[in-house]
Protein chains: 2
Amino acid sequence: MKKNITIDDVAKYAGVSRQTVSRAINNMNGISEKTRQRVLATIEELGYRPSRLARGMASNQSKTIGLVIGNILNPAHSEVIRGLETMAQTVGYNVFIRTTNYVRDAEIETINALISENVDGIVLSSTHLDLQTVASFADKNLPIVVVHRNMSAPNLTSITTDIERATQSLIEYLIGSGHRKVGLLTRPGDQENIFHVKGYKKGFQSLGLEVNSNWIMQASNTNLEAAHRTTKQLVTRNPDLTAIVAYNDMMAIAAMHACRDMGLNVPDDISVIGYDDISVAAHVFPALTTLRIPSFEIGQLAMEQLLEMIKTPDIIYPPTLLDIELVLRGSTKSRQIAALSH
Amino acid sequence: MKKNITIDDVAKYAGVSRQTVSRAINNMNGISEKTRQRVLATIEELGYRPSRLARGMASNQSKTIGLVIGNILNPAHSEVIRGLETMAQTVGYNVFIRTTNYVRDAEIETINALISENVDGIVLSSTHLDLQTVASFADKNLPIVVVHRNMSAPNLTSITTDIERATQSLIEYLIGSGHRKVGLLTRPGDQENIFHVKGYKKGFQSLGLEVNSNWIMQASNTNLEAAHRTTKQLVTRNPDLTAIVAYNDMMAIAAMHACRDMGLNVPDDISVIGYDDISVAAHVFPALTTLRIPSFEIGQLAMEQLLEMIKTPDIIYPPTLLDIELVLRGSTKSRQIAALSH
DNA sequence: AAAGTTTGCGTGAGCGCTCACGTAGTTTAG
DNA sequence: CTAAACTACGTGAGCGCTCACGCAAACTTT
């Protein structure tokens, strides 16, 4: 058992006071350059590492933030985590990751738990909570960054993409390229609260077309099996669909699989579109057309914003809106003029 | 700013001493059932949550463990993390995740950093470090569980699968089903240290066949682009391969893509096999034949073992070896007798 | 040259817990 | 009926830091 070297050991060894060592490691002033060098040298020599726990206790800053996320299996989520963690590591912060399986109450409980664990801030991914509830948690001592949802309040900001508008554009694009009957494979939940659904409907409406509610189908879960099953139902119910817009790339891959199972060729019989542009999207067959969400960047920016808010609280930081880009690949095909004349 | 309720507040309110409150929340004895109930009631009433930091300071147990992993992008790794975290959450432990990009020195530095952050234990995934180095970190105050590598020492154990043996069996199976020229798409590193390569060679040797070193190709990286590129080179160099064994499912998917790009049909012209059985493997086209690694279970067991070691140190815990199962899907096809007569 | 200002350092307190004791009151053993 | 052994609490110390001071020495200013 290695004895732990404390700040007092360093102080004694360097012949200075505890506080002077503290000044050296925290780059505070009130210490001469000469002393600082000497202290840093002894720190190096003794292999001293300050205790995160003690620091947290004394300063009321744990250098830890919490991430509350539905699940971590989707590679797009992993990208967000990676962005967050990359940023966090460079500034010496830790991340507690907590999964909620998208259960609302679990989110609240998790946030409370994180507070009691003295986190300095929280990143909430795709929360189900409303602005008021989230804002009630946000505090000068607990800034919150919400990801994938647009929110703003004191000590609360967000990093988002405009899924609704991007989906509307996508629908307009699909219709413009000859599609008429476009299915939507989406997640469970109240349709009024799903940007994916709202944008889909707006797309049709903006072109003066009717939306057939049979074309919208919500999987019971965002996993691949549910997506596969639901796509089969969707296609069975609407055999004349020429395109399916999935909720994300993972579900889109399962949707393509389901189409194959139903004897449909992608993209000749039916086009499939996903969201995220996860790394496999370009490698599956057919390669998946997708709306690229900059997940890594979202994670990075979330951490950056959170750090800003920790440093300077009580300011209202404007939400960040990142662009979504349509990446055309082999899973989509335009319909010929014949269809347009219809 | 909500004032933090401390243990002293609870003590005062319940009319007992600090220590009695501590006894109540930690289920220690030396407290009557009646008092315990009363204390727990006031805790509930005041909404008291003990500070993880203070607890850690006082007890020298931070209830936090560290995970050192190469990257988190592979869904198989996410599964390990999920298993670890699921287990951790049920016992109130936190996990610090640190990525190293598979750099050896980063591993050492990361372990040191985690130690200074007072973690109670460490899980090392696919480490490059040798037994001696890892064992030198392991300590009664810092048990270590190594995942995907077989190691054992005091306060050090491992959860693994026998990749070498499974690969050998796979090769034997492939040859048994008529394949003769089997390519290996593997990761960078010294071939002597890659179980994947060792098992591959053993498979041929056990059947008295020559291994052609041209059939082995190491991607410069484990990402999809490198796998795609390397597969093309592998196929170009050996146009007569009838099967490719990839390092994992992600790389196998990229390999299938590369084969298509080269005008080869999978599985008619060439079979492709991966490892892990990640969730998309069953949904890509053709569905991927793979050696299933129980990643979630590995994560769970790693956490369980670590908790055991934290509770009862200085015992040698035997390594755990989990089974690998061959999952046959559409990406493989046996070669006909014609090939066997060769 | 006296007074004010800055610079460089040290000291005590305390963050919120747990640990190792101490001490009454109660039960058990001989 | 008394000594020994619990049971149910309370008390002081301390984990390793930072914060808010305090206080000399050096450096300006008028």
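Letters A, B, ... are given to chains in the order of the sequence lines, protein chains preceding strands, and every chain is numbered from 1. It should be emphasised that the depicted structure is a prediction, and the values quoted were computed from it without experimental measurement.
- B/Asn29 has no side-chain polar atom (N or O) that falls below the 4.0 Å cut-off from OP1 or OP2 of D/dA8.
- A donor-acceptor contact under 3.5 angstrom links the side-chain atoms of B/Arg23 to the base of D/dG10.
- Look at A/Ser32 and you won't find any side-chain N or O under 4.0 angstrom from OP1 or OP2 of C/dG8.
- Summarising the geometry, the separation between CD1 on B/Ile25 and P on C/dG16 is reported as 14 Å, rounded to the nearest angstrom.
- Checking the phosphate oxygens (OP1, OP2) of C/dC9, a side-chain nitrogen or oxygen of A/Thr35 falls inside 4.0 Å.
- For B/Ser51, the listed nucleotide lying nearest its side chain is C/dG16; candidates were C/dG16, D/dC9, D/dT18.
- Nearest to the side chain of B/Arg18, among C/dT18, D/dG16, C/dG12, sits C/dT18.
- In this structure, the side chain of A/Thr86 engages the main chain of A/Arg82 through a donor-acceptor pair within 3.5 Å.
- Between A/Val134 and A/Leu156 the shortest side-chain heavy-atom distance falls below 4.5 Å.
- Atom pair A/Arg55:CZ and D/dT18:P shows a separation of 5 Å (rounding to whole Å applied).
- Note: B/Tyr102 and B/His128 have tilted aromatic rings, judged against thresholds of 30 and 60 degrees for the angle between ring planes.
- Counting to the nearest Å, the C1' atom of D/dG14 and the CG atom of A/Leu53 are 15 Å from each other.
- A/Thr90 places a side-chain N or O within donor-acceptor distance of the main-chain N or O of A/Met87, the cut-off being under 3.5 Å.
- B/Glu85 and B/Gln89 are not linked by any side-chain donor-acceptor pair at a separation below 3.5 angstrom, with hydrogens and angles left out of the test.
- In this model, the phosphate group of C/dC15 is not approached by any side-chain N or O of B/Thr6 to a distance below 4.0 Å at OP1 or OP2.
- If you take CD1 of A/Ile31 and C1' of C/dC9, they are 9 Å apart, rounded to a whole angstrom.
- Under 4.0 angstrom from either OP1 or OP2 of D/dG10 there lies at least one side-chain N or O belonging to B/Thr20.
- Under a cut-off of 6.0 angstrom, the local environment of CD in B/Glu44 is sparse, with at most 12 non-hydrogen atoms contributed by other residues, nucleotides or ligands.
- Rounded to an integer number of Å, the gap from A/Asp9 CG to D/dG16 P is 9 Å.
- Taking atom CG of residue B/Asn141 and atom C1' of nucleotide D/dC15, one finds them 14 Å apart after rounding to whole Å.
- Between A/Ser59 and D/dT18 there is no side-chain polar atom (N or O) within less than 4.0 angstrom of OP1 or OP2.
- Applying the 4.0 Å criterion to OP1 and OP2 of D/dT18, one finds that A/Asn26 has a side-chain N or O inside that range.
- Counting to the nearest Å, the P atom of D/dG16 and the CD atom of A/Gln61 are 21 Å from each other.
- The base of C/dG16 has none of its N or O atoms less than 3.5 Å from a complementary donor or acceptor on the side chain of B/Arg52.
- Positionally, the nearest nucleotide of DNA chain C for A/Val16 lies more toward the 5' end than for the other of B/Arg49 and A/Val16.
- Each of B/Met57 and B/Gln19 was assigned the nucleotide of DNA chain D with the nearest heavy atom; the assignment lying further toward the 5' end belongs to B/Gln19.
- Taking atom CD of B/Glu33 as the reference point, atom P of D/dT7 lies 15 Å away to the nearest angstrom.
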